[in-house]
Amino acid sequence: MRSMPETFAVSRLSSPVSGCCRAWARGAAPHLAAVRAGTAPIIDHERFAPYPVHPLGAVDFDRQIPKKSDQRQMEPWQRIGVYAAVWRSIRPASRTGRTSRTGFRSSSPRWWRAGSSGRWRGADGLKSAANPGAFLNERLMGDLRPTLFLAQLSNLLAGNISIVHGVTGPSRTFMGEEQAGVDAVRIAQARIAAGQADMILVGGSYNAERQDMLLLFELGDALREAPFRPVFDRADDPGLITGSMGAFSGARIGGSCRGARCDGYRQHRSCRGRPRAPRRCWRDHAGTLDTVAGYRCGRHGRVRRHRGRTGDRRRSAGAVRRVPADRAWRSCRSRVEAAFPMAVGLAAALVQAGDADAALATGVGHWRGEGAVRLSRA
Amino acid sequence: MALTRDHAGRPVVAVTGMGVVTSLGQGKAENWRRLTAGESGIHRITRFPTDGLRTTIAGTVDGLFDRPFAAPELSERLAELAADEAVAQSGIGRPGDFPGQLFMAVPPVEMEWPQKQVLAEATNADVTYGTLLKAASAHTHAEWHRLFLFANVADRIADRFGTRGSPISLSTACSSGATAIQMGVEAIRRGESAAALCIGTDGSVHAEALIRFSLLSALSTRNEVPEAAARPFAKTRDGFVMGEGAGALVLEDYDHAVARGATILGILAGCGEKGDGFHRTRSSPDGKPATLAMQGALDDAGLAPEAIAYVNAHGTSTPENDKMEAMSCTAVFGERIAQLPVSSNKSMVGHTLTAAGAVEAVFSLLTMLNGRIPPTINYHDPDPLIPLDVVPNVARDADVPAVLSNSFGFGGQNTCLVLKRELA
């Protein structure tokens, strides 16, 4: 029963999804309820038309970020992440007392000038300026809020978590879209398994409700403009519907915590949107899933799948369908860097709550990167 | 055959290749020559108009493109040059087949103004996100999607060098370069692979990046004599000077390197890191996190402070960092600090930001190999509150068996490395 290949971990995900905000709800419990009930996703088709997005909705950030001055120094993506990064399983005293063996890592979304920031409205007049360079300098020097830069820096999500929650173990921030979320979870698990850390808070955040992010995806023709449909039913207009989200989980070694155990991890980098690549990585990913999901599946008979996200139905559909599972809950939205941590956290929560003995969390990137993590009852 | 293990029973991490590019030049030889001659790479910015800017100087690396380019393209090119040199020196694997993972510290990327202007021109309107999205929907610039993805630079470098597994793009602000090295060390210690290619790169001196730092009052405004602006630890220091560059290390399991007859250039003996929850840009006034990071690195290396012969400082030339760093060094080294050489490469190459930790690791290794400590230049007015031996203005011959290299970043990221010349 315990004969696991040596690469698998003995770490556990404790207090999974200790913080989590999404279109439906804040916190783990409402998310579990929504998953069980099969609640339909919330979509906003108007604000960023013609692109649908999954909005975050109203979040009372005061609850987790009490100081207004802290909130003001952050852009929404940071607020989302800091809100989610509440680690209830750790007593406040032990959070700050940790030495270098506590760490956390976040997969951080894009560093981008926020079009919604206070004073910048656009460079009207740039076209007609006699000296465009000087004109731009003047506008930027005058219009940018000085601390805006800090609100944009990728590693400042971690920095703000340190400041607001007093988690002063070191942090690492990975950038790299969906793959960053996969890597953050993988490396957190590897470090704990190897004894390089005792506790790691791992997660990510993403704010979809911004035009500059939509612009990046639209350049690559990656967005869906037709109304919402589940990921596997988007033949009419394949593409992403992005969504705002934050999710963090705590991982630690051993102990007597109630949680889910991370059994195994597979990752593949291949798929990069080239014509031949989808079929190859589909095959590779199927292999991945069969290997991980097949283990223990017969014994327990219940494996629930959580899709991270995918915008490319061709790549993932066939692979996922070949995994036997009682129920598959597909998160049909693109949360980019936050996607995989969310899938992992949710899978762990479901296992912890007893909904499943084992769960598979999977993720497929819009451009590259696939990952799968198997979790079982601790 | 007995396995070589460190004091904690872990695989020993050797350095078998290194490469560097900065405003001083391309490659170790040119950089080392100019660094030890006390020359500066800082100059007036010619890449973009500097009208109306408070800071008009930087340590840019120019001449690599004969056409307009975006920052990620320059960051990639710098990384490629440094990694080429490192991989070639190590002789590991085969061209296009590197037997290990890639850990890259990259600067955040974003679409820049020239691209926005092209898009806006397509709709004959001004630059707003509405018009940009409309223009983008014509899908005539698909390459920009790829270019401005965070993962792009590392992905292309991974392709170029044939590294294994998922390439990591990371950021811990100004300590990113050191973090990339630390992640390579940890992966080798975990036995995940026998080697790692660790790169820190930064080619992001464009107007908006300069302005962002300028608005935080972080940059020196001594534009009149660019080479004299970066003056770490001096009384009249007034901020850092942005620099560009890349540093690359090939890290390798010691036994693996010896078995294939590689030349061992040094040992990556220890890494220490500590977060600071005090403020987004300022360090805790008591310097405790930096102190703990330094002590952590020494502990990880199994060395007492007395073993360190030279500190390669973070030394940005900001009023705050230099004072805090001096205080932390004093806390770690005690009275000995007055005789311990502590110099800052940033006095000559500027603050290479995401690349700094990696560039300075290369310089630290060269220091040990050549038995010569690069100076802190522009040191003519000592700060009475900073009683350090900064190796002022002129390089110094010395026997250096071990170096402590510091990197402290925005957002409270503190990462320190301990490098040794030899195994024992």
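Only a predicted model underlies this, so the values are computations on that prediction, with no experimental measurement involved. A, B, ... follow the sequence lines: proteins, then strands. Residue 1 opens every chain.
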Donor-acceptor contact present, side-chain N137(A) to main-chain D51(B), <3.5 Å: yes

P167(B) versus D183(A), closest heavy-atom pair with distance: O-OD2, 4.1 Å

Contact winner vs chain A - S137(B), S171(B), G52(B), heavy-atom pairs under 4.5 Å: S171(B)

Heavy-atom pairs under 4.5 Å with chain A, option from T179(B), L170(B), V153(B), I211(B) with the top count: I211(B)

Chain A contact via R10(B) - which portion, at a heavy-atom distance below 4.5 Å: neither

Nearest heavy-atom neighbours spanning Q211(A) and G130(B): NE2-N, 4.1 Å

Distance (rounded to the nearest 0.5 Å) between L132(B) CG and L216(A) CG: 12.5 Å

Side chain, backbone, both or neither of L292(B) within contact of chain A (heavy atoms, under 4.5 Å): neither

Verdict with supporting geometry, E192(B) and I187(A), side-chain contact (heavy atoms from CB on, under 4.5 Å): CA-CA 11 Å; E192(B) 273 174 23; I187(A) 294 185; over 6 Å; no

Side chain / backbone / both / neither for T50(B) at chain A, heavy atoms under 4.5 Å: backbone

Q196(A) and R189(B) side chains, donor-acceptor separation under 3.5 Å: no

For L53(B) against M141(A), the heavy-atom pair lying closest together: CD2-CG, 3.9 Å

Spacing of T172(B) atom OG1 and R172(A) atom CZ [to the nearest 0.5 Å]: 8.0 Å

Taking every non-hydrogen atom, the tightest pair across L219(A) and W144(B): CD1-CB, 3.8 Å

